[in-house]
Amino acid sequence: GAAFAGFEDLPWAQPEASRLEELRLQAFEDRNEARLALGDEATVISELDGLARAHPLRERLWCLLMSALHRSGRQAEALRVAAEFRRHLVEELGLDPSPTFTELETTVVTGGAGLIGSFLVDRLFAAGVRVIVADDFSKGRRMHLAHCANRIEIREGNLEEPTAMV
């Protein structure tokens, strides 16, 4: 349920409830990005769809939804989702989406591998964490990490004690 349910009209509860809701959404995004990275697209699509529509300006949710649809072979739906998010941004804020969104949209159009892990890699680097990628992934998996090539270390074979492995 909502944080401080029943107290949301009180001035002291409003900022804390907003802060807790933001943390909840971030945790949801992180969890679903991890599930997508593990190949669990089918089970996250409905959750992501509902939350993206409830938060029409939250780009990361829309990117995760687009990625899940694309990786499930539902490119037409992924492109409809992209168009819907663009429309929300333009109509409500007069803005264009970020380069990350645009890159994902291009990936969907061209049938590329997607950008699962990009937000995770960005957050790890922001926290100063060294990221190591094992080079035993499929060609497609390596392609979707290519946009992070200047920020990751790629190793072949067994990884010993990596700080973070994507």
Considering all heavy atoms, the nearest Met66-Val81 contact: CG-CG1, 3.5 Å
Hphob cluster co-occupancy, Leu61 + Val90, side-chain heavy atoms under 4.5 angstrom: no
Of Glu105, Gln75, Glu41, the residue whose pairing with His70 passes side-chain hydrogen bond (donor to acceptor under 3.5 Å, both in side chains): Gln75
Over all atoms of both residues, closest heavy-atom pair of Thr102 and Pro97: OG1-O, 4.1 Å
Taking every non-hydrogen atom, the tightest pair across Leu57 and Trp62: N-NE1, 4.4 Å
Carboxylate-amine/guanidinium proximity below 4.0 Å for Glu22 and Arg19: no
Spacing of Glu59 atom CD and Arg86 atom CZ [to the nearest 0.5 Å]: 9.5 Å
Glu29 side chain vs Arg60 backbone, donor-acceptor pair below 3.5 Å: no
From CZ (Arg87) to CG (Leu89), nearest 0.5 Å: 11.0 Å
Distance in Å, Ser72 OG paired with Ile45 CD1, rounded so as to fall on 0.5 Å steps: 3.5 Å
Gap separating the CG atom of Leu25 from the CG atom of Leu20, nearest 0.5 angstrom: 11.0 Å
Joint hydrophobic cluster, Phe28 plus Leu23, side-chain heavy atoms closer than 4.5 Å: no
Leu10 reachable from Phe4 in the ILVMFWY side-chain graph, under 4.5 Å edges: yes
Identified side-chain contact (heavy atoms from CB on, under 4.5 Å) counterpart of Val44 within the set Asp49, Asn32, Leu65, Leu64: Asn32
Closest heavy-atom pair and its distance - Ala68, Leu48: CB-CD1, 4.3 Å
Gap separating the CG atom of Leu69 from the CZ atom of Arg80, nearest 0.5 angstrom: 9.0 Å
Smallest separation among heavy atoms of Cys63 and Phe101, with atom names: SG-CD1, 3.6 Å
